[in-house]
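Report on the structure given below.
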Amino acid sequence: MALTSLEISGAAQRLHHAEKTRTQIRQLSLDHPAITIDDSYAIQKAWIATKTGEGRVVRGHKIGLTSKAMQSALNIDEPDSGVLLDDMFFADGGIVPTDRFIATRVEAELAFVMKTRLSGPDCTMFDVLNATDFVVPALEILDTRVERVDAATKATRKIFDTIADNAANAGIVLGGRPMRPLETDLRWVGAMCHRNGQLEETGLAAGVLNHPATSVAWLANKIAPHGLALEPGQVVLAGSFIRPIETRKGDTIQADYGPWGTVSCYFG
């Protein structure tokens with residue numbers, strides 16, 4: 001790790017303040033050119049610790065950058081992850097308060113709800129399917145507390161910035177029809193995503209590492225060296241299989257999962 005403990009805690013506090021004030025901060029990768037992936041996860045961990053210290057409760061995890069195209073664009077060879085907290089969950093068909101966020105986008109995903117504890121190393125997609133209670137359609141709400149483009153240098157956000165920023169996570173909506181993990185081939189679960197009635201994006205869950213359960217297995221193995229596991233009842237967002245849809249106040253987002261129902265939210 002290249003950053004000191006003081007730099008890590010300072011970055012975490014800057015992100016915390018940015019979220020509370022809805023004011024983006026300069027890219028951490030510009031302030032700390034030597035920053036590493038480990039540094040970024042350390043910043044994320046410190047930020048989550050601040051939130052749980054204020055009363056928030058960990059409800060699960062999210063996985064991002066699961067498509068080969070996104071990994072190639074960012075010059076990485078694995079996904080990233082963040083933490084889901086209790087205040088990030090919004091009701092299906094409910095209102096998402098835009099005055100709480102900075103610049104929201106939405107992605108369509110599958111959420112795995114764990115039945116039994118799942119831990120690495122050597123976790124496989126079959127272990128994931130056995131440990132999952134049910135899988136449910138979901139929308140992930142993204143936000144960015146870090147500037148996407150630096151005004152002075154025109155540099156774009158790096159993977160280090162995204163990871164530190166809790167993998168850009170801000171909210172989650174669960175809906176549709178829950179499915180048992182072995183009742184269908186999850187690769188073929190697809191969604192048509194509409195904004196204000198207009199079709200914006202479509203995709204299949206196979207876009208997530210060929211099978212979304214593979215993504216969940218990656219996470220279980222990734223957090224195992226830190227003594228962590230996926231716990232019963234936790235929700236795991238396996239990763240998006242569409243491009244992010246930009247949203248503004250007044251937008252309604254609906255994802256139609258066909259036989260597995262719909263999930264929607266309104267940005268009020």
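Note that the structure is predicted; figures quoted are calculated from it, not measured.
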Does [X] reach the side chain of [Y], with side-chain heavy atoms less than 4.5 Å apart?
| X | Y | value |
| --- | --- | --- |
| E231 | M114 | no |
| C123 | V128 | yes |
| W260 | L110 | no |
| K222 | H61 | no |
| I8 | M1 | yes |
| V106 | D251 | no |
| R145 | I25 | no |
| T262 | Y257 | no |

(request) Could you go through the side chain to side chain donor-acceptor pair (under 3.5 Å) check for D165 and T162 one step at a time? (result) CA-CA 5 Å; D165 193 17; T162 304; over 6 Å; no
Do you reckon [X] sits in the same ILVMFWY cluster as [Y], going by side-chain contacts under 4.5 Å, direct or chained?
| X | Y | answer |
| --- | --- | --- |
| L118 | L237 | no |
| V208 | F126 | yes |
| V263 | V96 | yes |
| L28 | I37 | yes |
| F160 | L6 | no |

(message) So if I apply the side-chain contact (heavy atoms from CB on, under 4.5 Å) rule between H194 and each of I245, L199, T252, which one comes out positive?
(response) L199
Nearest-0.5 Å distance, [atom1] of residue [X] to [atom2] of residue [Y]:
| X | Y | atom1 | atom2 | answer |
| --- | --- | --- | --- | --- |
| W218 | I223 | CH2 | CD1 | 9.5 Å |
| E107 | I172 | CD | CD1 | 12.0 Å |
| D80 | I163 | CG | CD1 | 5.0 Å |
| R248 | T98 | CZ | OG1 | 12.0 Å |
| R14 | T23 | CZ | OG1 | 12.0 Å |
| I63 | N169 | CD1 | CG | 12.0 Å |

Quick one: does [X]'s side chain have a donor or acceptor within less than 3.5 Å of a partner on [Y]'s backbone?
| X | Y | value |
| --- | --- | --- |
| D127 | T124 | yes |
| T247 | T104 | yes |
| K158 | T156 | yes |
| D256 | G258 | yes |

(message) Does R243 have more than 12 heavy atoms from other residues, nucleotides or ligands lying within 6.0 Å of its CZ?
(response) no
Closest heavy-atom contact between [X] and [Y]?
| X | Y | result |
| --- | --- | --- |
| A220 | L230 | CB-CD1, 4.3 Å |
| C265 | L139 | SG-CD1, 4.1 Å |
| T21 | H17 | OG1-O, 2.7 Å |
| F112 | A213 | CZ-N, 3.8 Å |
| N221 | G120 | OD1-CA, 3.5 Å |
| M125 | A217 | N-CB, 3.9 Å |

(message) For a quick check under 3.5 Å, do E140 and S240 share a side-chain donor-acceptor pair by atom type?
(response) no
(request) Taking atom types as modelled, find out whether T36 and D39 have a side-chain donor-acceptor pair closer than 3.5 angstrom. (result) yes
Check ion pair [X]-[Y] (N to O, under 4.0 angstrom):
| X | Y | answer |
| --- | --- | --- |
| R180 | D133 | yes |
| E183 | R177 | yes |
| K62 | E109 | no |

For residues 81-92, dump all side-chain donor-acceptor pairs below 3.5 Å to protein atoms at least two apart in sequence or in another chain.
residue : atom : partner : partner atom : Å
D86     : OD1  : R56     : NE           : 2.9
D86     : OD1  : V57     : N            : 3.1
D92     : OD1  : S264    : N            : 2.9

(message) Please determine whether salt bridge (Lys or Arg N to Asp or Glu O under 4.0 Å) holds for the pair R105 and E201, giving the CA-CA distance in whole Å, both sets of side-chain angles, and the decisive distance to 0.1 Å.
(response) CA-CA 13 Å; R105 296 180 295 164; E201 292 288 340; over 6 Å; no
(request) For side chain to side chain contact (heavy atoms under 4.5 Å, CB included), just list the numbers for I48 and K45, CA-CA rounded to whole Å, side-chain angles, deciding distance to a tenth of an Å, and then say yes or no. (result) CA-CA 5 Å; I48 296 300; K45 182 179 179 181; 5.9 Å; no
(request) Might you work through the side chain to side chain contact (heavy atoms under 4.5 Å, CB included) test for W47 and Q44, ending with a clear yes or no? (result) CA-CA 5 Å; W47 186 20; Q44 180 192 121; 5.8 Å; no
(message) Let's go through L15 and V146 carefully: what are the C-alpha distance in whole Å and the side-chain angles of both, what is the deciding distance for side chain to side chain contact (heavy atoms under 4.5 Å, CB included) to 0.1 Å, and is it a yes or a no?
(response) CA-CA 8 Å; L15 286 165; V146 178; 3.7 Å; yes
(request) Please assess F267 against I141 for the test side chain to side chain contact (heavy atoms under 4.5 Å, CB included), listing each intermediate value before the final yes or no. (result) CA-CA 11 Å; F267 287 84; I141 301 166; 4.3 Å; yes
(message) Apply the hydrophobic cluster definition, ILVMFWY joined by side-chain contacts under 4.5 Å directly or through others, and give me every member besides I102.
(response) none
(message) Connecting only ILVMFWY residues whose side-chain heavy atoms lie within less than 4.5 Å of each other, what is the rest of L204's hydrophobic cluster?
(response) W188
